[in-house]
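Start at 1 and go down the list; that is how both ligands and their atoms are numbered.
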Amino acid sequence: MSDILIISGLTKIYGTQVKTTALASIDLKVKQGEFIALTGESGCGKTTLLNLIAGLDNPTDGSIIIDGVDITTLPDQQLAEIRCNKIGIVFQFFNLIPTLTASENIEISMMIAKKSDGEQQRRAKELLKIVGLADKANSKPDELSGGEQQRVAIARALANNSTLILMDEPTGNLDSKTSKDLMKHVRKLNQEGKTIIMATHDQMVAKDTNRVICLQDGKIKKTTS
Ligand SMILES: Nc1ncnc2c1ncn2[C@@H]1O[C@H](COP(=O)(O)OP(=O)(O)O)[C@@H](O)[C@H]1O
Ligand SMILES: [Mg+2]
């Protein structure tokens with residue numbers, strides 16, 4: 001299998017006066033179809049790493065090659081396209097738009113990718129079915145449980161058929177039963193070929209993956225497969 005992601009010397013230093021080194025020269029290769037857990041104590045750099053891979057922030061140094069393209073040197077327009085078509089991200093706090101229905105929350109990411117209205121609606125319906133929420137298409141986020149909201153967020157991350165799915169503590173706000181149920185959906189996505197990198201505090205969740213990468217003070221402390 002080929003490497004979908006190659007990270008070299010990735011460094012992120014926040015601040016100008018007071019400097020925080022969130023990532024200190026990380027090297028990492030991820031193969032297509034892998035399921036990776038990113039663990040480590042709060043503040044070790046998990047979110048920073050995911051945000052950089054997602055192109056949501058710029059590194060201080062180093063490169064991030066996704067599918068052969070170094071996203072750290074791309075002009076904004078091209079970065080936006082890659083962000084839209086190759087990467088799906090699921091945040092800890094769901095980040096759904098409260099005034100939109102489950103279906104509309106998914107459609108909006110396809111709107112950005114300029115899919116037609118019909119295609120958006122058809123695909124949103126299909127995705128809601130995949131995450132077991134076919135009957136909740138017209139519910140607003142506050143009418144859904146935490147686990148259901150997170151499944152909508154997963155469906156949204158899948159909308160543009162991205163192969164690389166990033167998840168930042170997706171079970172962090174769910175009880176253990178809901179968390180197990182969510183993981184079933186996540187594992188299934190992986191079995192269907194999605195490459196997944198998931199930050200998690202939960203050892204049970206990490207156990208389900210192919211490789212656990214443990215960060216400490218912005219460095220890779222150890223990797224277990
Ligand atoms: N926007 C920011 N400005 C300054 N420091 C930050 C910022 N975001 C994160 N940090 C710092 O970077 C380090 C790594 O944070 P983070 O990536 O959020 O870790 P984790 O997700 O593992 O808890 C921490 O020391 C944190 O305080
Ligand atoms: Mg974090």
Side-chain angles (χ1 to χ4, degrees), residues 5-30 34-66 71-72 76 79-80 83 87-96 141 146-147 149-154 156-157 162 164-176 178-179 182-183 185-186 189-190 194-225:
L5 174 68
I6 304 172
I7 290 174
S8 314
L10 192 65
T11 300
K12 177 69 182 179
I13 301 170
Y14 288 110
T16 43
Q17 303 268 319
V18 181
K19 294 186 174 170
T20 305
T21 302
L23 293 178
S25 198
I26 298 253
D27 295 312
L28 175 66
K29 281 184 180 177
V30 177
E34 267 198 287
F35 186 0
I36 292 181
L38 205 56
T39 65
E41 281 173 26
S42 180
C44 69
K46 302 181 294 294
T47 296
T48 302
L49 179 56
L50 291 177
N51 284 346
L52 290 177
I53 298 170
L56 298 172
D57 199 359
N58 297 313
T60 309
D61 200 6
S63 63
I64 304 170
I65 298 173
I66 298 178
I71 64 160
T72 61
D76 286 354
L79 176 61
R83 217 160 45 201
I87 307 161
I89 184 158
V90 177
F91 301 94
Q92 180 172 0
F93 299 103
F94 321 142
N95 285 25
L96 299 176
Q149 287 184 55
Q150 198 57 308
R151 275 143 66 195
V152 175
I154 290 178
R156 180 182 55 186
S162 308
L164 182 58
I165 309 290
L166 309 172
M167 301 188 172
D168 195 357
E169 306 206 31
T171 62
N173 286 298
L174 305 177
D175 62 61
S176 65
T178 312
S179 157
L182 188 85
M183 283 308 293
H185 288 281
V186 175
L189 293 179
N190 175 245
K194 301 286 180 195
T195 310
I196 300 175
I197 306 176
M198 184 177 66
T200 182
H201 261 104
D202 189 335
Q203 291 307 317
M204 289 298 287
V205 167
K207 211 175 63 149
D208 268 345
T209 63
N210 304 138
R211 181 151 59 121
V212 180
I213 292 171
C214 180
L215 293 181
Q216 188 177 40
D217 299 331
K219 296 194 185 86
I220 294 180
K221 184 182 151 203
K222 73 172 192 218
T223 301
T224 41
S225 348

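Protein heavy atom closest to atom 16 (P) of ligand 1, with residue, atom name and distance, is Thr48 OG1, 3.7 Å. Given atom 19 (O) of ligand 1, the protein heavy atom at minimum distance is Gly45 N, 3.2 Å. Nearest protein neighbour of atom 2 (C) of ligand 1, counting heavy atoms only, is Tyr14 CD2, 3.5 Å. Counting only heavy atoms of the protein, atom 25 (O) of ligand 1 lies nearest to Thr20 CG2, 3.6 Å.
Judged by distance alone, the side chains of Tyr14 and Thr21 never bring a donor and an acceptor atom under 3.5 Å apart.
Results of the side chain to side chain contact (heavy atoms under 4.5 Å, CB included) test with Ile13 over Thr20, Thr60, Leu23 single out Thr60 as the only residue that passes. When each of Leu52, Leu28, Thr48 is checked for a side chain to side chain contact (heavy atoms under 4.5 Å, CB included) with Leu10, only Leu52 meets the rule.
Put simply, part of Ser42 is less than 4.0 Å from ligand 1, judged by heavy atoms. Residue contact annotation: Gly15 has no non-hydrogen atom under 4.0 Å from ligand 1.
Considering only non-hydrogen atoms, atom 22 (O) of ligand 1 lies nearest to Lys46 out of Lys19, Lys46, Lys12.
Less than 4.0 angstrom separates atom 27 (O) of ligand 1 from none of the non-hydrogen atoms of the protein.
Taking backbone and side chain together, Thr47 holds an N, O or S atom under 2.8 Å from the Mg ion (ligand 2).
Polar contact check, Gly43 against ligand 1: a nitrogen or oxygen pair lies under 3.5 Å apart.
The two atoms that bring Asp168 and Ala199 nearest to each other are OD1-CB, 3.6 Å, heavy atoms only.
Shown in contact with Ala22 at under 4.0 Å from a heavy atom are these atoms of ligand 1, numbered in order with element: 12 (O), 13 (C), 14 (C).
Distance check: Lys221 NZ to Cys214 SG gives 4.5 Å after rounding to the nearest 0.5 Å.
Here Thr47 has heavy atoms under 4.0 Å from ligand 1 in both its backbone and its side chain.
Looking only at side-chain heavy atoms (C-beta outward), Ile7 and Ile53 come within less than 4.5 Å of each other. The shortest side-chain heavy-atom distance between Leu5 and Ile197 falls under the 4.5 Å cut-off. Leu215 is listed as a side-chain neighbour of Lys46, based on a closest heavy-atom distance under 4.5 Å.
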